[in-house]
Enquirer: 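Take a look at the following structure, please.
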Amino acid sequence: MRIGYPCINRSIGCTSSRTFRLASYSDRRLVETVESNLDCLEAVLRWNAAHGILFFRITSDLVPFASHSVCKHDWAGRFRDRFRSLGRIVRRHRMRTSMHPDQFVLLNALDERIVTGSVRELEYHARVLDLMGLPASAKVQIHVGGVYGDKPSAIGRFVERYRRLKAAVRRRLVVENDDRCYTVADCLEVSRLTGAPVLLDVFHHKVNSSGGSLRDALRLCAATWQRADGPPMVDYSSQEPGQRRGRHKEQVDLRDFQRFIAQARDVECDVMLEIKDKEKSALKAARLVSGTPQ
DNA sequence: GGCAGTCAAGTACGC
DNA sequence: GCGTACTTGACTGCC
């Protein structure tokens with residue numbers, strides 16, 4: 001079981017999520033920003049390797065505006081060697097990576113323009129992982145999308161558009177249950193119709209459950225991952241008490257995490273900790289899993 | 001230097 | 001029909 005954290009390492013003092021405003025877009029600004037983001041990504045990957053953290057979510061901001069019509073620059077060509085060498089670090093240490101496009105990616109939207117933009121965004125994400133030379137086990141996770149008052153039709157649109165995606169995107173795409181609209185059962189149905197693996201979000205399953213135990217959900221989701229997809233990915237987080245619904249905890253609650261691990265005992269999976277203090281909690285969880293004293 | 005408002009992109013929900 | 005909540009971190013303009 002690999003333990004990971006998303007996008008940001010607070011111990012290093014750099015960010016791979018630097019961006020800028022659309023109004024100040026220029027090719028020069030783009031190149032400078034991407035250069036800085038890739039430098040930081042390399043530092044983070046090296047830090048992770050040195051600390052035994054073998055799972056990491058790469059930020060969607062790595063190449064700002066990559067899927068936007070304003071961006072005409074051949075960033076992939078310009079940074080080809082950089083991406084390749086980052087991928088070598090990942091492979092050398094047997095690390096795993098993922099990416100998670102944000103809420104604006106909606107394959108099942110009613111508005112075709114939103115669908116077009118979403119497809120472009122997915123192609124950008126798949127391209128980053130392709131440029132790094134990573135296998136199909138490096139995933140791009142999205143939610144099913146909106147319901148639009150008719151869930152069966154909304155799922156139907158998702159399936160139809162999934163089938164139209166380029167193979168390079170489809171091989172990486174996984175669907176994740178969300179906290180309001182699409183439960184694990186819904187995602188399993190989408191998986192049955194598309195073949196896309198289901199990434200279980202433990203916290204979302206708690207607040208938007210389709211019934212059944214966590215253990216059942218883990219096993220059902222795990223069964224949707226084929227050999228080439230690698231071990232199932234799982235997102236783990238928990239509610240910060242007394243805060244707004246959905247707010248993630250500041251630090252991992254190791255007792256709760258241990259209960260989760262106990263439920264996942266015979267399901268081989270890689271776990272992404274969505275916890276505010278990022279790598280600190282990931283280190284604690286990784287020590288717990290490996291049996292190293294805290 | 002610090003702070004508050006804003007940022008490419010959307011949906012769901014309450015009123 | 002309209003405004004707001006939703007999550008999050010970085011940017012930007014203002015003091």
Side-chain angles (χ1 to χ4, degrees), chain A residues 5-26 28-30 32-37 39-41 44 56-73 75 99-125 140-151 153-155 157-158 161 175-183 186 201 203-204 206-208 235-240 242-250 272-281:
Chain A
Y5 63 97
C7 305
I8 293 163
N9 181 309
R10 299 189 190 283
S11 304
I12 295 184
C14 70
T15 171
S16 54
S17 307
R18 261 187 64 197
T19 182
F20 49 87
R21 295 289 181 252
L22 181 58
S24 53
Y25 181 92
S26 69
R28 188 176 161 193
R29 188 89 191 260
L30 180 79
E32 282 172 6
T33 305
V34 173
E35 206 151 34
S36 155
N37 285 345
D39 285 348
C40 184
L41 179 58
V44 171
F56 183 67
R57 184 184 297 161
I58 297 171
T59 174
S60 294
D61 283 336
L62 199 65
V63 184
F65 305 106
S67 71
H68 194 283
S69 57
V70 75
C71 178
K72 305 276 193 256
H73 187 75
W75 54 269
M99 297 183 83
H100 191 353
D102 68 23
Q103 57 179 335
F104 304 110
V105 168
L106 294 157
L107 272 189
N108 71 357
L110 293 167
D111 185 337
E112 276 296 335
R113 287 168 301 185
I114 295 170
V115 180
T116 304
S118 298
V119 170
R120 285 172 61 106
E121 184 73 356
L122 289 176
E123 287 173 354
Y124 151 64
H125 281 79
V140 175
Q141 63 189 87
I142 60 169
H143 298 294
V144 180
V147 172
Y148 311 95
D150 179 356
K151 193 181 271 187
S153 298
I155 289 179
R157 282 195 304 280
F158 182 95
R161 284 149 188 179
V175 290
E176 176 190 356
N177 58 309
D178 66 74
D179 59 347
R180 286 196 293 181
C181 302
Y182 289 91
T183 62
D186 295 326
D201 185 304
F203 183 36
H204 292 164
K206 197 180 268 182
V207 298
N208 182 28
D235 280 1
Y236 169 88
S237 62
S238 49
Q239 170 75 38
E240 182 72 44
Q243 294 288 329
R244 282 196 312 269
R245 177 177 169 273
R247 187 183 172 91
H248 293 161
K249 271 191 85 82
E250 193 62 39
M272 177 67 62
L273 262 67
E274 294 184 323
I275 305 284
K276 299 273 280 183
D277 74 352
K278 308 284 183 184
E279 78 286 354
K280 287 195 175 63
S281 282

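Residue numbers begin at 1 in each chain, while the letters A, B, ... track the order of the sequences. In this text, all values refer to a predicted model and were calculated from it rather than measured experimentally. All values below were derived from every heavy atom in this structure, side-chain atoms included, with hydrogens, water molecules and symmetry-related copies excluded.
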Enquirer: Using the P atom as the point on both nucleotides, what is the distance between dG9(C) and dA12(B), in whole Å?
Expert: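 Approximately 25 Å lies between the P atom of dA12(B) and that of dG9(C).
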Enquirer: Of the options dA8(B), dA10(C), dT11(B), whose atoms approach the side-chain atoms of L106(A) most closely?
Expert: dT11(B)
Enquirer: Would you tell me if any nitrogen or oxygen in the side chain of K276(A) comes within less than 4.0 Å of OP1 or OP2 on dG9(C)?
Expert: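 Checking K276(A) against dG9(C): at least one side-chain N or O falls below 4.0 Å of OP1 or OP2.
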Enquirer: Reckon R113(A) touches a base, only the sugar-phosphate, or nothing at all at heavy-atom distances under 4.0 Å?
Expert: nothing
Enquirer: G117(A) near the nucleic acid: base, sugar-phosphate alone, or nothing, with a heavy-atom cut-off under 4.0 Å?
Expert: nothing
Enquirer: Measure from the side chain of L22(A), starting at C-beta and using heavy atoms only, and say which of dC11(C), dA9(B), dA8(B) lies closest.
Expert: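 Of the candidates, dA8(B) comes closest.
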Enquirer: Go through dA10(C), dT12(C), dT11(B) for me and flag the one nearest to the T19(A) side chain.
Expert: dA10(C)
Enquirer: Scan every strand shown for a Watson-Crick or G-U wobble partner of dT8(C), both distances under 3.5 Å, and answer none if you come up empty.
Expert: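 dT8(C) is paired with nothing.
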Enquirer: For Y148(A), which contact category applies under a 4.0 Å heavy-atom criterion: base, sugar-phosphate, or nothing?
Expert: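 Sugar-phosphate contact only.
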Enquirer: Specify the separation, in whole Å, of atom CD of Q103(A) and atom C1' of dG10(B).
Expert: 6 Å
Enquirer: Might you point out which heavy atoms bring V144(A) and F158(A) nearest each other, and give the distance in Å?
Expert: O-CD1, 3.4 Å
Enquirer: Can a cation-pi geometry be assigned to R29(A) and F65(A), taking NZ or CZ under 6.0 Å from the six-membered ring centre and within 45° of the ring axis?
Expert: no
Enquirer: Please give, in whole Å, the distance from dC11(C) C1' to Y25(A) OH?
Expert: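 Answer to the nearest Å: 17 Å.
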Enquirer: Nearest to the side chain of C181(A), which nucleotide is it out of dA12(B), dG9(C), dT12(C)?
Expert: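 Taking heavy atoms from C-beta onward, the closest nucleotide is dA12(B).
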Enquirer: Strictly below 4.0 Å: does S67(A) bring a side-chain N or O up to OP1 or OP2 of dA8(B)?
Expert: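 So the side-chain polar atoms of S67(A) never come under 4.0 Å of the phosphate oxygens OP1 or OP2 of dA8(B).
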Enquirer: What interatomic distance, in whole Å, is found between P of dG14(B) and the corresponding atom of dT7(C)?
Expert: 15 Å
Enquirer: Taking atom P of dA9(B) as reference, at what distance in whole Å does atom NE2 of H125(A) sit?
Expert: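 So the NE2-P distance, H125(A) to dA9(B), works out to 17 Å.
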Enquirer: Hey, which of R57(A), H125(A), E176(A) is the one that makes side-chain hydrogen bond (donor to acceptor under 3.5 Å, both in side chains) with H100(A)?
Expert: E176(A)
Enquirer: Might you point out which heavy atoms bring Y182(A) and N108(A) nearest each other, and give the distance in Å?
Expert: OH-ND2, 3.5 Å
Enquirer: dC6(C) P sits how many Å from R180(A) CZ, rounded?
Expert: 9 Å
Enquirer: Using heavy atoms to find the nearest nucleotide of DNA chain C for R29(A) and K278(A) separately, return the residue whose nucleotide is more 5′.
Expert: K278(A)
Enquirer: Measure CG/N108(A) against P/dA12(B) and give the value in whole Å, please.
Expert: 9 Å
Enquirer: Can you measure I58(A) atom CD1 to dG9(C) atom C1' for me and round it to whole angstrom units?
Expert: 18 Å
Enquirer: Pick the P atom in dA8(B) and in dC2(C), then give their distance to the nearest Å.
Expert: 24 Å
Enquirer: With rounding to whole Å, what would you report as the distance between dT4(C) and dG5(B) at their P atoms?
Expert: 14 Å
Enquirer: Take the protein atom CG of D102(A) and the nucleotide atom C1' of dG10(B), then report the distance between them rounded to whole Å.
Expert: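 Those two atoms, CG and C1', are 10 Å apart.
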Enquirer: Measuring to OP1 and OP2 of dG9(C), would you say a side-chain N or O of R10(A) lies under 4.0 angstrom away?
Expert: yes
Enquirer: Under 4.0 Å between any heavy atoms, over every strand shown, what does V105(A) touch: base, sugar-phosphate, or nothing? Just pick one.
Expert: nothing
Enquirer: Quick check on dT12(C): is either OP1 or OP2 less than 4.0 Å from any side-chain nitrogen or oxygen of S24(A)?
Expert: yes
Enquirer: Can you check side-chain contact (heavy atoms from CB on, under 4.5 Å) on H143(A) and H204(A), steps first, answer last?
Expert: CA-CA 11 Å; H143(A) 298 294; H204(A) 292 164; 4.2 Å; yes
Enquirer: On a heavy-atom basis, which atom in L30(A) and which in H73(A) lie closest, and how many Å separate them?
Expert: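 Reported closest heavy-atom pair: CD2-CB, 3.9 Å.
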Enquirer: Kindly indicate whether a cation-pi arrangement holds for K280(A) with Y5(A), taking the cut-offs as under 6.0 Å to the six-membered ring centre and within 45° of the axis.
Expert: no
Enquirer: So which nucleotide from dG10(B), dA12(B), dA10(C) ends up closest to the side chain of I114(A)?
Expert: dG10(B)
Enquirer: Distance check needed: dT11(B) P versus D179(A) CG, whole Å only.
Expert: 16 Å
